Amino acid sequence: MADKEDPKKRGKGKGKSKDVCGYPLSIFFIVVNEFCERFSYYGMRAVLVLYFKYFLQWDEDLATSIYHTFVALCYLTPILGAIVADSWLGKFKTIVYLSIVYTIGQVAMAVSAVHDITDSNRDGTPDNMTFHVALSMVGLFLIALGTGGIKPCVAAFGGDQFSEHQDKQRRTFFSVFYLCINGGSLLSTIITPILRGQECGIYSQQKCYSLAFGVPAALMVVALVVFIVGSGMYYKAEPEGNIMLDVCKCIGFAINNRYRHRSNQYPRRQHWMDWAEEKYDKLLIAQIKMVLKVLFLYIPLPMFWTLFDQKGSRWTLQATTMNGYFGKLVIQPDQMQIFNPILILTLVPIMDSVIYPLIKKCGFNFTPLKRMTVGMFLAAMAFVCAALVQVEIDKTLPVFPSASQSQLKLLNMGSSAVTVNLPGNESLTLNAAQYYSFLAIFSFLMIRTKFSLLSGSQSCEYIKDFGFGGSYTFFIPSTFVFGPDCQDSITVVEDIEPNSVHMALQIPQYFFITAGEVMFSVTGLEFSYSQAPSNMKAVLQAGWLFTVAIGNFIVLIVAEIAKLPNKWAEYVLFASLLVLVCIIFSTMAYFYTYIDPSEIEDQFSKKVDEDEDDKDKREKAEIKMVRRDSAESYDDSYKQSNM
């Protein structure tokens, strides 16, 4: 989408940006805008699945399905944004208008998480859940439209700000731009789960999802304001049409023309795209053929994204059943996602400067398609690790009664021990635990918790260490007396044991999935760009983002249809599917022939030049013939007049 002409040489759309240290001042506004926008998006997304489960009270399958539907929409709307920017509004207006939509969506999400709005009885639970669900769905749709719509525009708009002689600065800008994406993702994934863990509310204190969504909304406001402030400095290229529309029209004409000439009386052509030669240039047709060749390899790719994006849904839900104590540091379940950006920033330079050169020295031709195949295999191994972790978690989870069973809870409120005989069970002795007026079950996600018992001006502070996922019952006897040793008379029963499987066991699966991302995603984009014509990069980018969207749709289909009783079995299913797809992709890659698009384009250019030379020669010959005929006819007429 970046223009190749030097913006300094054109008056129309020219900004008033000054160069600072060799860089246009305008790009600093763009970089800040990107950092704030990525913080806003990833911060909201980090806590989204827990918001679905614990605030909206959805089950895990529904929460997972809606989460991946949202992610899929975020990767479908970039196609719409690119078409609007290139064909109608231009990049600047598209970014501004869709950022406003984006901001409204984030504000709607923050408001939807305020439980006090519909909590009329002030018990901490919303009374009208339909309102919160509807408002959050509207907010997510607006966010998907906004973040997806500006995705293909911001980087290209930044590239437009550089002159032709600033190639080095442009490359540095894109590196810093990528760093801002990962930096915003890393910080937001750390901060927003902490905000979510706070308690807030007007009438009752609950987990503060409104704050966790409100801060990203505020960052999006900052991103929009910063971008608009730099408006007078930007070079704003006029929309010049979108190549994707031309490609779609050409393909549509070829299909339609082939269908109209499907009879055997018409001679067959070498390629079905050749049926577009009656209307479109042969060079454009040849370029589309090269793009279609790459897009054919994209067919198996969605399965990788099916596994990859579950780190924000299934893996986060898995972490809620694990122990997050790292010494004195407590890691929230949704904070485990920070390992992805950390490992990306670590593995990308290691792969480029150590791993790939070492493989090359060993004499192995590690082509881009082979790297992508290995990346898919590593992602499958990540889900094998997740399945093994889930098996360990299942061993520690409490056993709840099935449909044919019941659960009975016995409380001895007397002053002496009693023996209970139940049919089919051994005799059970219950010790005395007198009951006064207080019975409660607490679940804590903190390393140490203190609460107070109040009676008039008297108070008793009770301090106890609680584990992740534990459930406890406290008995306060009728003989309870306030004083320095008051907590000794309180009896604590552990109903559900705290989570004992440590979150550190998730690190291997994050390592494998991130290593797979580096080898698959980074290499895939590099391969796609090297195999496509220079004017078809946007088409391949749209195709690549489309595979991400399809991959997320596959997740929600499997989550709703498979209905496997064990989560580890679902992880194994996904890993098996990716291994199968990996085999198919490696077979397709084996028969793929690498090309140099520039050479093919040069051949067509030379052929066009030769045809034009031949045409000029023919025209000159015809002109000479006309002149000769004119001269001869003049001589004949002159002779006739003399006679």
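The structure displayed is predicted, hence computed values, not measured ones.
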Should [X] and [Y] count as side-chain neighbours, where that means a heavy-atom distance under 4.5 Å?
X	Y	value
Phe383	Leu578	no
Val294	Ser528	yes
Leu301	Met372	yes
Met220	Phe39	no

Counting only N and O atoms by type, is there a donor-acceptor contact under 3.5 Å from the side chain of [X] to the main-chain atoms of [Y]?
X	Y	value
Thr547	Trp544	yes
Arg269	Asp274	yes
Gln531	Ile595	yes

Should we say atom CZ of Phe527 is surrounded by more than 12 heavy atoms from elsewhere, each under 6.0 Å from it?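 Check passes, neighbour count above 12.
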Is it true that atom CZ of Phe377 has more than 12 heavy atoms of other residues, nucleotides or ligands lying nearer than 6.0 Å?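 At most 12 heavy atoms, drawn from other residues, nucleotides or ligands, come within 6.0 Å of this atom.
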Taking only residues two or more places apart in sequence or in another chain, which ones pass ring-ring contact (aromatic ring centres under 6.0 Å, His included) with Phe591?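 Once residues adjacent in sequence are excluded, Phe591 has no partner under the ring-ring contact (aromatic ring centres under 6.0 Å, His included) criterion.
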Least distance between heavy atoms, [X] atom then [Y] atom:
X	Y	answer
Leu80	Leu145	CD2-CD1, 4.2 Å
Pro533	Val291	CD-CG2, 4.0 Å
Ser26	Gln161	OG-OE1, 3.5 Å
Ser185	Pro341	OG-CG, 4.1 Å
Ala82	Met244	CB-CE, 3.8 Å

Mind telling me whether [Y] and [X] have parallel, tilted or perpendicular rings, with 30° and 60° as the class edges?
X	Y	value
Tyr266	His261	perpendicular
Phe304	Phe308	parallel
Tyr23	Phe162	perpendicular

Evaluate the side chain to side chain donor-acceptor pair (under 3.5 Å) criterion for residues Tyr102 and Glu37: first the C-alpha distance (whole Å), next the side-chain angles of each, then the deciding distance (0.1 Å), finally the verdict. CA-CA 9 Å; Tyr102 192 168; Glu37 188 274 328; 2.9 Å; yes
Check ion pair Lys289-Glu277 (N to O, under 4.0 angstrom):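 Here Lys289 does not pair with Glu277 in a salt bridge, since their nearest N and O are not under 4.0 Å apart.
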Check ion pair Asp309-Arg314 (N to O, under 4.0 angstrom):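 So Asp309 does not pair with Arg314 through a salt bridge.
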Centroid-centroid distance, Phe339 to Phe511, less than 6.0 Å: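 So the answer is no for these two rings.
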